[in-house]
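As structure tokens, the structure follows; a few thoughts come after it.
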Amino acid sequence: MAYDTILLEQADGVATITLNRPAVLNAFDDQMAAEVQDALKVCERDAAVRCLLVTGAGRGFSAGQDLAAIQSRGAELSYRDHLSQNYNPIVEKMRRMEKPILGAVNGVAAGMGMSLALACDLRIASDKASFIQSFVNVGLVPDSGSSFFLVRTLGLGRAFELAATGERVSAEDALRLGLVNRVVPHDDLLPLARAWAGQLAGAPTRALGLIKRMMNRALVLDVEEALAYEAMLQEAAGRTADHHEGVAAFLEKRKPVFSGK
Ligand code: T3D
């Protein structure tokens, strides 16, 4: 599939998806949703991709749903159908893909754009980035996973506050709240994000994938179930080439070279 609204680049085990509608702060129309869905499938299938980096072109990360597109689509399209076809598959794929996904939040992440950032496994943000649950500002409710991620990250009170006020959260406050992992000077964002993604791409990919599967399930398991699930996934991790390489490298006092297998 040729892409018009995103860029997909790949180098050294890292695939980078750049949302590329900068004139509208990378707001999503249906074409962009379809292209992101396709790019995620490509990255998932390609064994050479061991980490995914998601960022935005220009001064925004993503301003969420393109509001002009909402107005032009009229009343005949149901919001539920639109979300089910366009955004939910993106978030589901990002959470199920057994490869690390790093969001490099270069500017404002609003509405579904904030959901997209929260669906990444890790977030590094520019000091110029900001986060807005802007759904309520246009009379809507959080979607594309925002309610799920916010309540789990912030707890009920703060999650409700962000969703109900639609106020802008600065990068610094996002770091304090645990919404992002790192905040860096704007000009350093992409070099530092690429370096971090490179490290993730050189990590034991199967173990990272199993960790992601484990963390997803840990949100809903009781302690006995979590212990049994950990043991089951450890069985799988223990059979990987990277586990054997990690142990051998330790005993031979050298740096491990993980193949992702
Ligand atoms: O079924 C469904 O589709 C429901 C799904 C809903 C999911 C959602 O995401 S709902 C929430 C949608 N997003 C918003 O409501 C955010 C709207 N945008 C803003 O509030 C502001 O633009 C920002 C706070 C994000 C940034 O403000 P600022 O002052 O930095 O930039 P700006 O001047 O407002 O925007 C720059 C341009 O981008 C501007 O165009 P112009 O005037 O230069 O030609 C603006 O109209 C355009 N733009 C920004 N956001 C959107 C947008 N155009 C279309 N849709 C947008 N979401």
Side-chain angles (χ1 to χ4, degrees), residues 4-7 17-38 40 54-95 103-120 123 125-151 153-154 159-174 177 179-180 183 186-187 189:
D4 291 329
T5 64
I6 65 169
L7 305 172
I17 295 178
T18 305
L19 308 173
N20 194 25
R21 301 184 74 220
V24 287
L25 303 178
N26 305 316
F28 269 73
D29 62 4
D30 290 359
Q31 183 178 356
M32 189 150 99
E35 292 183 2
V36 171
Q37 284 185 27
D38 188 80
L40 290 171
V54 181
T55 192
R59 72 176 179 90
F61 177 73
S62 171
Q65 168 65 41
D66 187 316
L67 295 175
I70 280 203
Q71 205 168 45
S72 65
R73 80 189 181 211
E76 67 278 6
L77 183 68
S78 99
Y79 283 72
R80 179 171 24 203
D81 289 350
H82 186 255
L83 291 171
S84 305
Q85 289 159 20
N86 290 278
Y87 302 147
N88 294 358
I90 292 176
V91 174
E92 283 164 16
K93 179 68 75 190
M94 289 172 74
R95 295 313 312 147
V105 186
N106 53 301
V108 66
M112 179 271 171
M114 179 166 173
S115 305
L116 188 79
L118 294 174
C120 297
R123 280 156 293 283
S126 150
D127 54 6
K128 291 188 181 166
S130 58
F131 298 83
I132 313 177
Q133 282 289 299
S134 53
F135 307 92
V136 72
N137 298 338
V138 289
L140 291 177
V141 299
D143 65 30
S144 311
S146 264
S147 65
F148 180 91
F149 299 121
L150 282 181
V151 167
T153 309
L154 304 179
F160 183 84
E161 185 182 355
L162 293 200
T165 62
E167 281 172 3
R168 193 187 283 255
V169 177
S170 67
E172 191 188 322
D173 284 344
L177 289 167
L179 289 172
V180 300
V183 174
H186 185 74
D187 290 342
L189 178 71

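Just so we're clear, the structure is a prediction, and the values are computed from it rather than from any experiment. Just so you know, ligand 1 is whichever comes first in the structure, and atom 1 is the first atom listed for that ligand.
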What protein heavy atom sits nearest [atom], and how far away is it?
{"atom": "atom 6 (C) of ligand 1", "result": "Asp143 OD2, 3.2 Å"}
{"atom": "atom 48 (N) of ligand 1", "result": "Val24 O, 3.9 Å"}
{"atom": "atom 11 (C) of ligand 1", "result": "Ser134 OG, 3.8 Å"}
{"atom": "atom 10 (S) of ligand 1", "result": "Phe135 CD2, 3.7 Å"}
{"atom": "atom 18 (N) of ligand 1", "result": "Ala63 CB, 4.5 Å"}
{"atom": "atom 21 (C) of ligand 1", "result": "Leu25 CD1, 4.8 Å"}
{"atom": "atom 17 (C) of ligand 1", "result": "Leu67 CD1, 4.0 Å"}
{"atom": "atom 27 (O) of ligand 1", "result": "Arg168 NH2, 4.0 Å"}

Look at [atom] and say whether a protein heavy atom is found at less than 4.0 angstrom from it.
{"atom": "atom 31 (O) of ligand 1", "result": "yes"}
{"atom": "atom 13 (N) of ligand 1", "result": "yes"}
{"atom": "atom 53 (N) of ligand 1", "result": "yes"}
{"atom": "atom 42 (O) of ligand 1", "result": "no"}
{"atom": "atom 38 (O) of ligand 1", "result": "yes"}
{"atom": "atom 45 (C) of ligand 1", "result": "no"}
{"atom": "atom 56 (C) of ligand 1", "result": "yes"}

Would the distance check show the side chain of [X] and the main-chain N or O of [Y] forming a donor-acceptor pair, the cut-off being under 3.5 Å?
{"X": "Ser170", "Y": "Asp173", "value": "yes"}
{"X": "Glu35", "Y": "Asp4", "value": "yes"}
{"X": "Ser115", "Y": "Gly145", "value": "no"}
{"X": "Asn26", "Y": "Gly60", "value": "yes"}
{"X": "Thr153", "Y": "Leu150", "value": "no"}
{"X": "Gln37", "Y": "Asn86", "value": "yes"}

Distance-only polar pair, side chains of Gln31 and Thr5, donor-acceptor under 3.5 Å: no
Non-hydrogen atoms of [X] and [Y] that approach each other most closely:
{"X": "Gly111", "Y": "Ser146", "value": "O-OG, 4.4 Å"}
{"X": "Ile6", "Y": "Met32", "value": "CG2-CG, 3.9 Å"}
{"X": "Thr165", "Y": "Val136", "value": "C-CG1, 3.9 Å"}
{"X": "Cys120", "Y": "Met94", "value": "SG-CE, 3.7 Å"}
{"X": "Ser144", "Y": "Met112", "value": "OG-CG, 3.3 Å"}

Ligand 1 contact on [X] by region, counting heavy-atom pairs under 4.0 Å:
{"X": "Ala27", "result": "side chain"}
{"X": "Asn137", "result": "neither"}
{"X": "His82", "result": "side chain"}
{"X": "Ile132", "result": "side chain"}

Salt bridge (Lys or Arg N to Asp or Glu O under 4.0 Å) evaluation trace for Arg21 with Asp66: CA-CA 10 Å; Arg21 301 184 74 220; Asp66 187 316; 3.0 Å; yes
For Gly64, counting its heavy atoms only, list the atoms of ligand 1 lying under 4.0 Å from any of them. 9 (O)
Enumerate the atoms of ligand 1 whose separation from the nearest heavy atom of Gly111 is less than 4.0 angstrom. 9 (O)
Over 12 foreign heavy atoms within 6.0 Å of CD, Glu172: no
Ligand 1 contacted by Ala23 (non-hydrogen, < 4.0 Å): yes
Ligand 1 contact by Arg73, heavy-atom criterion under 4.0 angstrom: yes
Side chain or backbone, does Met112 bring an N or O within less than 3.5 Å of an N or O on ligand 1? yes
Matching residue for Thr55 among Leu19, Val105, Ile17, Thr18 - test: side-chain contact (heavy atoms from CB on, under 4.5 Å): Thr18
Pick from Arg59, Gln65, Arg21: the one approaching atom 36 (C) of ligand 1 most closely through a non-hydrogen atom: Arg59
